[in-house]
There are 2 protein chains.
Amino acid sequence: MSRLLVTVDIVLFTIRERVLHVLLIRRLARPFENRYALPGGFVLEDESLEAAAARELREEAGVEKVYLEQLYSFGDPKRDPRGRVVTVAYYALVSETQPLRAGSDASVAAWFPVAQLPTLAFDHRKIVECAHQRIRNKLDYTNVGFELLPEMFTLGDLQLVHEAIVGQALDKRNFRRKITQKAIVKPLKEWRKTGRKPAQLFRFSDEVGHIH
Amino acid sequence: MSRLLVTVDIVLFTIRERVLHVLLIRRLARPFENRYALPGGFVLEDESLEAAAARELREEAGVEKVYLEQLYSFGDPKRDPRGRVVTVAYYALVSETQPLRAGSDASVAAWFPVAQLPTLAFDHRKIVECAHQRIRNKLDYTNVGFELLPEMFTLGDLQLVHEAIVGQALDKRNFRRKITQKAIVKPLKEWRKTGRKPAQLFRFSDEVGHIH
DNA sequence: TCAAAAGTGTTGAAGATACACCCATGG
DNA sequence: CCATGGGTGTATCTTCAACACTTTTGA
């Protein structure tokens with residue numbers, strides 16, 4: 001009945017330039033000094049795990065009100081050289097347009113394409129891979145895809161998100177049919193006028209299925 | 001950076017008399033004295049989470065070498081009246097024929113139908129529901145169903161397992177077609193001669209997909 | 001001879017995939 | 001005028017759901 005150190009680590013995804021990226025923080029302290037690691041930190045005595053994850057996201061990434069979901073807990077006794085640390089991993093999704101607020105010091109926090117990560121501290125690479133796999137799986141039967149978009153978006157935007165996550169091109173007509181007939185988006189009367197040709201804007205049609 | 005108590009709790013499923021059951025332990029100590037709770041206990045300083053879960057299953061349920069998978073971590077600050085305890089929940093599956101060894105004292109450990117649980121200690125009811133949901137979901141795209149069966153089984157046995165988990169009857173012909181054409185079982189040359197009519201025995205066809 | 005579980009095909013509906021062209025606009 | 005992304009329909013295939021009767025055996 002020993003007390004253990006408990007942390008949360010968060011895999012924060014976004015899509016930039018059509019590619020899925022993960023936010024990493026350069027460590028300033030030992031161990032793994034100067035290595036990149038996931039944002040995260042210790043769980044306080046009186047906060048829930050999810051609250052801890054949200055707080056760390058706020059403090060380390062300057063991000064607020066994101067979609068946040070528990071991923072998996074990692075507790076190998078050797079995973080942290082300082083001693084026994086159990087981490088509860090979360091993943092989170094933000095749209096590219098949602099600005100990272102103050103608190104995220106550009107010199108230490110940076111986005112990396114999920115396919116080209118630097119060497120990470122601890123077992124964080126494994127955690128990122130686990131999270132990537134999870135969102136790929138959930139893409140089909142939930143609406144995680146939307147969480148990476150701003151409130152209004154075009155079907156083209158949504159398709160780019162799906163393509164970035166699964167890592168391959170999708171057929172435009174099939175994609176649009178699938179999305180529209182599931183009735184998980186609702187068309188607006190507004191049109192985006194930037195871009196080559198005006199495009200209809202959409203919005204989620206209310207809260208549907210975040211299953212875990 | 002405070003140290004927290006970390007436990008594992010295990011939802012151990014089996015099928016008895018065609019109904020999905022969960023193993024519960026009657027608590028002898030406070031809090032929740034005399035209430036039923038999941039088998040579980042504190043994670044030791046130098047064992048992994050999964051090792052802790054396996055150890056608790058051995059110590060409290062007398063069960064060895066079962067299918068064991070992490071479920072979810074629960075860390076509400078108020079979930080344990082004694083103080084801050086984070087639990088990493090697992091679920092496990094055993095076949096009805098696998099005997100519960102010594103160590104499981106019949107007076108404290110008992111099987112309950114998952115649909116008729118007594119009032120449980122802590123947030124254990126929520127944990128059981130979470131686990132039940134998980135195996136229901138995994139039934140379709142993994143072979144969790146097999147873990148509840150002995151090494152050789154008939155398709156009728158397997159169908160009963162599926163029916164117990166989803167809680168409703170399935171069409172025999174559709175079920176058999178689905179199973180056999182996925183090639184996840186391989187037919188043996190042996191036939192079970194007990195029962196009304198001889199039935200062909202099957203076995204898993206090697207390790208396929210335990211995805212998490 | 002009856003009760004219980006084993007075994008076996010077909011049809012229709014729904015969903016998924018493959019595939020190509022014209023349009024509106026900004027540069 | 002051309003490059004870019006927006007928008008649209010059909011044919012095919014696969015997958016899933018519904019559905020009923022005969023056989024073997026032990027009691």
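Order of the sequence lines sets the chain letters (A, B, ...), proteins ahead of strands, with each chain counted from 1. Please read these numbers as outputs of a predicted model, since none were measured by experiment.
Here the nucleotide nearest the side chain of B:Ala199, chosen from D:dT10, C:dA6, D:dG6, is C:dA6. Among the nucleotides D:dG9, C:dG7, C:dA6, the one closest to the side chain of B:Thr154 is C:dA6. When the nucleotides C:dT25, D:dG7, C:dT10 are ranked by their closest atom to the side chain of A:Pro198, C:dT25 comes out on top.
Between A:Phe153 and A:Phe202, the ring planes lie parallel to each other; the angle is under 30°, not in the 30° to 60° tilted range.
If you measure from atom CD of B:Gln159 to atom P of C:dG7, you get 12 Å, rounded to the nearest angstrom. In this entry the distance linking CG of A:Asn174 with P of C:dC19 reads 11 Å, nearest Å. Rounded to an integer number of Å, the gap from B:Leu201 CG to C:dG7 P is 9 Å. We find that CD of A:Gln200 is positioned 15 Å from C1' of D:dG5, with the value rounded to whole Å. In this structure, the CZ atom of A:Phe175 is 17 Å from the C1' atom of C:dG15, given to the nearest Å. Straight-line distance from the CZ atom of A:Arg192 to the P atom of C:dT25: 16 Å, rounded to whole Å. Following rounding to the nearest Å, B:Leu170 (CG) and D:dA18 (C1') show an atom-to-atom distance of 13 Å. Rounded to an integer number of Å, the gap from CH2 of B:Trp191 to C1' of C:dA6 is 9 Å.
Between the side chains of A:Arg177 and A:Asn174, at least one donor N or O sits under 3.5 Å from an acceptor N or O.
Between B:Gly156 and B:Arg173, the one whose closest nucleotide on DNA chain C sits nearer the 5' end is B:Gly156. Map A:Asp157 and B:Asp171 each onto its nearest nucleotide of DNA chain D; the residue landing nearer the 5' end is A:Asp157. Toward the 5' end of DNA chain C, the nearer of the two residues B:Arg177 and B:Leu155, judged by each one's closest nucleotide, is B:Leu155.
Salt-bridge formation is not detected for the pair A:Glu163/A:Arg18: no Lys NZ or Arg NE/NH1/NH2 atom is positioned less than 4.0 Å from an Asp or Glu carboxylate oxygen. With respect to the salt-bridge test (charged N to carboxylate O, under 4.0 angstrom), the residues B:Arg27 and B:Glu33 do not qualify.
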Exercise for the section: Dump the intermediate steps for side-chain contact (heavy atoms from CB on, under 4.5 Å) on B:Ile15 and B:His21, then the final yes or no. Expected result: CA-CA 6 Å; B:Ile15 293 186; B:His21 284 68; over 6 Å; no
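Dashed line: the shortest gap from a side-chain N or O of B:Arg176 to OP1 or OP2 of C:dG7 is under 4.0 Å. Taking 4.0 angstrom as the limit, B:Arg18 places a side-chain polar atom (N or O) nearer than this to OP1 or OP2 of C:dA5.
Put simply, the side chain of B:Arg196 and the base of D:dT23 share no donor and acceptor less than 3.5 Å apart. On a pure distance criterion of 3.5 Å, no polar donor-acceptor pair joins the side chain of B:Lys197 and the base of C:dA5. At a cut-off of 3.5 angstrom, counting only N and O atoms as typed in the model, there is a donor on one side and an acceptor on the other between the side-chain of B:Lys172 and the base of C:dG7.
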